[in-house]
Amino acid sequence: VAGQIETKLGNGSQRAAFRQAVDRRKLESYVSIQRHVGNQRTEWDKSKTEAYLEQLHASAVAYSGDPRRIDTEIKNTLNALEGYAARNPGTWSPEELQQKKDARRSTIHMGVMGRMLAQGQDRDAKKYFEVRQDEFYGVDRAEAEKVLQVGSVRGESQRLADQIGKQYDKRADALDAAKAITDPDVR
């Protein structure tokens, strides 16, 4: 169509101006399309990376009894974040990337510890926290300490109740033994 219009123009300067306008419009269209494609590619990468990070988190929590698997999933999480940052330069500053890595690592640890507590493994959860407490980020550390305290008290209470139940046949003797427990939270 542009060629037909150009041939109908009266002189060379009109044709040159028309060609320039057509070329400018083609360039603007090309730039607009490339910007759109780039934005779509970035959004696709973001959603795929987020889905992968969620899968790694779920896997680490599911294998809460396997420290090597947890470490592998954390390593894969950190690598995925670094890969996303490398593919999308300028998305995060180095400090923001480090914060995201710390937060993801901490969230995985919270999930693993939460699963251990849910399965009645309060002693394992306590050991897990003691070894990795420096990897709990921000408020997660305080929350982990709180959840661990509650879980440990519940676990100790259950163990003592089981022990007393096995040791005493008479209810009155069992109640006396329970009253002898000195920790008021456990009692």
Side-chain angles (χ1 to χ4, degrees), residues 1-119 125 128-129 131-148:
V1 173
Q4 291 173 349
I5 294 172
E6 186 178 343
T7 59
K8 293 179 182 178
L9 294 174
N11 62 42
S13 63
Q14 288 177 339
R15 283 190 291 275
F18 181 75
R19 246 182 272 122
Q20 212 174 20
V22 168
D23 290 344
R24 187 174 34 247
R25 180 66 180 130
K26 283 181 183 178
L27 181 61
E28 288 170 359
S29 294
Y30 177 78
V31 168
S32 177
I33 290 169
Q34 291 307 310
R35 186 178 304 123
H36 175 73
V37 168
N39 289 340
Q40 291 300 309
R41 193 174 290 143
T42 299
E43 283 302 313
W44 179 84
D45 188 22
K46 182 179 179 181
S47 69
K48 289 296 181 183
T49 301
E50 186 62 36
Y52 181 55
L53 291 170
E54 291 301 320
Q55 181 265 325
L56 292 169
H57 178 266
S59 179
V61 172
Y63 289 93
S64 62
D66 185 351
R68 288 177 51 204
R69 181 69 181 260
I70 296 165
D71 289 340
T72 297
E73 302 302 15
I74 289 172
K75 180 181 175 191
N76 291 340
T77 296
L78 303 180
N79 288 340
L81 288 167
E82 289 171 0
Y84 179 82
R87 289 187 307 276
N88 299 282
T91 301
W92 302 319
S93 69
E95 294 79 15
E96 289 171 316
L97 174 59
Q98 188 59 50
Q99 287 174 340
K100 290 191 178 299
K101 289 165 59 176
D102 291 344
R104 285 284 179 169
R105 181 187 301 117
S106 183
T107 301
I108 290 172
H109 288 318
M110 287 293 292
V112 168
M113 201 176 81
R115 177 141 194 241
M116 288 177 174
L117 290 170
Q119 293 178 329
Y128 183 85
F129 178 75
V131 169
R132 298 170 184 251
Q133 62 185 321
D134 292 339
E135 295 181 10
F136 283 77
Y137 182 69
V139 297
D140 283 351
R141 187 171 186 162
E143 182 65 22
E145 290 169 345
K146 179 178 157 187
V147 168
L148 189 58

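Taking a 6.0 Å sphere around CZ of R25, one finds it holds 12 or fewer heavy atoms contributed by other residues, nucleotides or ligands. Within a 6.0 Å sphere centred on CZ of R69, other residues, nucleotides and ligands contribute more than 12 heavy atoms.
Atoms OG1 and CZ, from T107 and F136 in turn, are 10.0 Å apart once rounded to the nearest 0.5 Å. Rounding to the nearest 0.5 angstrom, the gap separating the CD atom in Q98 from the OH atom in Y137 is 8.5 Å. Put simply, CG on L27 and CD on Q34 are 11.0 Å apart, with the number rounded to the nearest 0.5 Å. Between R87 atom CZ and R41 atom CZ the span is 12.0 Å, to the nearest 0.5 Å. Atoms OG1 and CG, from T72 and D66 in turn, are 8.0 Å apart once rounded to the nearest 0.5 Å. Note that CE of M110 and CZ of R115 are 16.0 Å apart. Values are rounded to the nearest 0.5 Å.
Closest approach of A80 and L53 over heavy atoms only: CB-CD2, 3.8 Å. Closest of all the heavy-atom pairs between V61 and V112 is CG2-N, 3.8 Å. Nearest heavy-atom pair, L9 versus R15, reported as atom, atom and distance to 0.1 Å: O-NH1, 3.0 Å. Closest non-hydrogen pair, S64 versus I70, comes out as O-CD1, 3.6 Å. The two residues F129 and A144 come nearest to each other via the heavy atoms CE1-CB, 3.7 Å.
Contact of the E73 side chain with the N76 side chain is registered, since non-hydrogen atoms from C-beta on lie closer than 4.5 Å. K46 places none of its side-chain heavy atoms less than 4.5 Å from the side chain of N88.
S13 meets the side-chain contact (heavy atoms from CB on, under 4.5 Å) test with N11; sequence neighbours excluded.
The ring pair (Phe, Tyr, Trp, His ring centres under 6.0 Å) pairs that include a residue from residues 51-104 are Y84-W92, where partners are two or more places apart or lie in different chains.
In this structure, Y128 has its ring center closer than 6.0 angstrom to the ring center of H109.
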Evaluate the side-chain contact (heavy atoms from CB on, under 4.5 Å) criterion for residues R132 and I74: first the C-alpha distance (whole Å), next the side-chain angles of each, then the deciding distance (0.1 Å), finally the verdict.
CA-CA 12 Å; R132 298 170 184 251; I74 289 172; 4.1 Å; yes
Going through the distances and angles, do I5 and K8 end up as a side-chain contact (heavy atoms from CB on, under 4.5 Å)?
CA-CA 5 Å; I5 294 172; K8 293 179 182 178; 6.0 Å; no
Pair E54-R104, salt bridge (charged side-chain N to carboxylate O under 4.0 Å, His left out): steps then yes or no:
CA-CA 10 Å; E54 291 301 320; R104 285 284 179 169; 3.3 Å; yes
Report the C-alpha distance between D102 and R105 in whole Å, list the side-chain angles of each, state the deciding distance to 0.1 Å, and finish with yes or no for salt bridge (charged side-chain N to carboxylate O under 4.0 Å, His left out).
CA-CA 5 Å; D102 291 344; R105 181 187 301 117; 3.2 Å; yes
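Under the 3.5 Å distance criterion, the side-chain polar atoms of S32 are left unmatched by any main-chain donor or acceptor of E28.
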